[in-house]
Amino acid sequence: MGEMVLNEMRGDIPIVIIRPSIIGSTYNEPFSGWIQGYRMLDPLFMSYGKGLLPCFLANPETIMDTIPVDMVANVIIVAMTKHGIATNTGLRVYHTTSGVANPIKFQEMFQFCHEFFGLYPLLDAKWNKITGIDRLKIFKSMEEFSNYIKNNTTRMHQNGLLTIDEVNKILRFTSRLARVYKPYTFYEGLLDNRNTMKLMEEMSEEELKVFKFDVGCINWEYYFKNVHIPGNIRNLVRSSKALKGNAKL
């Protein structure tokens, strides 16, 4: 609706709208893995690495449309250059996305997470490595997801591994995450990035080397295991004295 209002009120002013999908850490610039603060996927990754998230509510086949932040910045610069002095006063929309050109599924993303934390475990509050994390169990219904969490936390409480306060905390935490992420982990739409790819066709070879945003070149396994997750740990985790891990459910 906001875009419709802009279009109606802009008069002769050219409007360029950049629509990025889930923004991740940088792929190349200023260096690989840079990100400021927690972004959308990061609470899931870090919770899984701490052993706090043994399962999740999702369609394993859902495309998790992700884009490195430096590619978003490059699209903005190139689009501004193209339309800033253009005589055409129309409205242009550029989807800065990967879901069509280079899709990655939810289950693939968390397989990469599993492999990474298996090799490079996080530390708990006592500086012990958090090991033995299983592959993420994925449930398509809230009922199955909730029952799994309740049954396992109850069993751990009965075995003296969790207090009742810890059980309630885990139930609230996992339920809240599931509700927040459900619109994304079951989303079936895709944003076509054809207009963004056309920008590349109009660029010179020298410009393409400087302003890189070809999502087709992204190797997602390399990105998550060698760029994004290590970048999270480097930029977010090392600033704290220790990670608060928990027992594996």
Side-chain angles (χ1 to χ4, degrees), residues 1-42 45 62-105 108-109 112 184 187-232 234-236:
M1 292 179 64
E3 294 173 5
M4 293 171 64
V5 172
L6 279 176
N7 193 35
E8 291 179 1
M9 299 180 62
R10 65 183 175 81
D12 294 331
I13 300 174
I15 298 290
V16 176
I17 296 174
I18 310 296
R19 290 188 192 145
S21 54
I22 300 171
I23 295 178
S25 58
T26 56
Y27 197 65
N28 289 304
E29 300 175 306
F31 50 83
S32 296
W34 177 86
I35 195 166
Q36 185 175 5
Y38 258 3
R39 298 306 169 195
M40 182 181 161
L41 295 174
D42 305 331
F45 294 159
T62 293
I63 303 301
M64 299 301 292
D65 199 320
T66 305
I67 187 77
V69 65
D70 52 333
M71 292 191 176
V72 178
N74 286 337
V75 171
I76 293 173
I77 293 170
V78 173
M80 287 172 56
T81 303
K82 175 179 173 59
H83 298 285
I85 57 175
T87 56
N88 188 328
T89 59
L91 182 146
R92 294 290 183 273
V93 177
Y94 293 97
H95 290 152
T96 313
T97 59
S98 63
V100 172
N102 189 5
I104 178 172
K105 299 177 181 178
E108 295 173 330
M109 188 174 64
F112 299 150
Y184 304 98
Y187 185 67
E188 297 182 353
L190 292 173
L191 297 175
D192 193 348
N193 67 338
R194 233 176 310 184
N195 287 347
T196 306
M197 292 297 98
K198 286 181 181 178
L199 279 179
M200 293 177 55
E201 296 173 3
E202 301 171 3
M203 297 168 64
S204 67
E205 290 187 10
E206 183 177 352
E207 289 170 336
L208 288 170
K209 291 178 181 178
V210 176
F211 302 102
K212 300 175 183 177
F213 54 87
D214 182 5
V215 295
C217 74
I218 300 175
N219 180 317
W220 289 117
E221 180 176 6
Y222 175 84
Y223 175 73
F224 283 109
K225 292 167 65 174
N226 296 280
V227 177
H228 186 76
I229 300 176
N232 261 252
R234 181 173 61 249
N235 298 321
L236 302 176

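Numbers here are sequence positions counted from 1.
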Residues which pass side-chain contact (heavy atoms from CB on, under 4.5 Å) with Met200, listed by chain and number, not counting sequence neighbours: Met197, Leu208, Phe213, Asp214
Please report the interatomic distance CD(Glu108) to CE(Met64), rounded to the nearest 0.5 Å. 12.0 Å
Of the options Thr96, Thr196, Ile22, which is the one that meets Ile67 in a side-chain contact (heavy atoms from CB on, under 4.5 Å)? Thr96
For Trp34, check side chain to side chain donor-acceptor pair (under 3.5 Å) against everything at least two apart and list the hits. none
Rounded at 0.5 Å granularity, tell me how far CG in Asn7 sits from CD1 in Ile15. 8.0 Å
Sorted by chain and number, sequence neighbours left out, side chain to side chain donor-acceptor pair (under 3.5 Å) with Ser98 holds for Asp65
Straight-line distance of Leu41 CG to Ile35 CD1, nearest 0.5 Å: 8.5 Å
Rounded to the nearest 0.5 Å, how far does NE2 of His228 lie from CE of Met109? 9.0 Å
Taking salt bridge (charged side-chain N to carboxylate O under 4.0 Å, His left out) as the cut-off, I'd like each qualifying pair that reaches into residues 13-34, sequence neighbours left out, listed once. Glu3-Arg19
Please report the interatomic distance CD1(Ile63) to CD1(Ile104), rounded to the nearest 0.5 Å. 9.0 Å
Nearest 0.5 angstrom please: Ser32 OG to Arg234 CZ, how far? 8.5 Å
Can you give me the closest heavy-atom contact between Gly33 and Val227, atom names plus distance? N-CG1, 3.4 Å
Using the side chain to side chain contact (heavy atoms under 4.5 Å, CB included) rule, take Trp220 and Asn102 through it: C-alpha gap first, then chi angles, then the decisive distance, then the call. CA-CA 9 Å; Trp220 289 117; Asn102 189 5; 3.3 Å; yes
If you define the side chain from C-beta out and look only at heavy atoms, does anything of Val69 sit under 4.5 Å from Ser25? no
Counterpart residues, side chain to side chain donor-acceptor pair (under 3.5 Å), relative to Lys198 (two or more places apart): none
Within-4.5 Å side-chain heavy-atom neighbours: Ile218 and Met71: yes
Please confirm whether the backbone N or O of Leu191 pairs with a side-chain atom of His95, one donor and one acceptor, at under 3.5 Å? no
Glu202 side chain to Leu199 main-chain N or O, any donor-acceptor pair under 3.5 Å? no
Closest heavy-atom pair, Tyr27 versus Cys217, reported as atoms and distance to 0.1 Å, is OH-O, 3.7 Å
Is it the case that the side chain of Asn195 and the backbone of Val93 share a donor-acceptor pair, with hydrogens and angles ignored and the cut-off at 3.5 Å? yes
Distance-only polar pair, side chains of Asp70 and Asn28, donor-acceptor under 3.5 Å: no
Walk me through it: do Val215 and Asn193 pass the test side chain to side chain contact (heavy atoms under 4.5 Å, CB included)? CA-CA 10 Å; Val215 295; Asn193 67 338; 3.8 Å; yes
Set of side chain to side chain donor-acceptor pair (under 3.5 Å) partners for Tyr94, sequence neighbours left out: His83
If you draw a 6.0 Å radius around NZ in Lys212, do more than 12 non-hydrogen atoms from other residues or ligands fall strictly inside? no
Are Phe112 and Tyr223 close enough that their ring centres sit under 6.0 Å apart? no
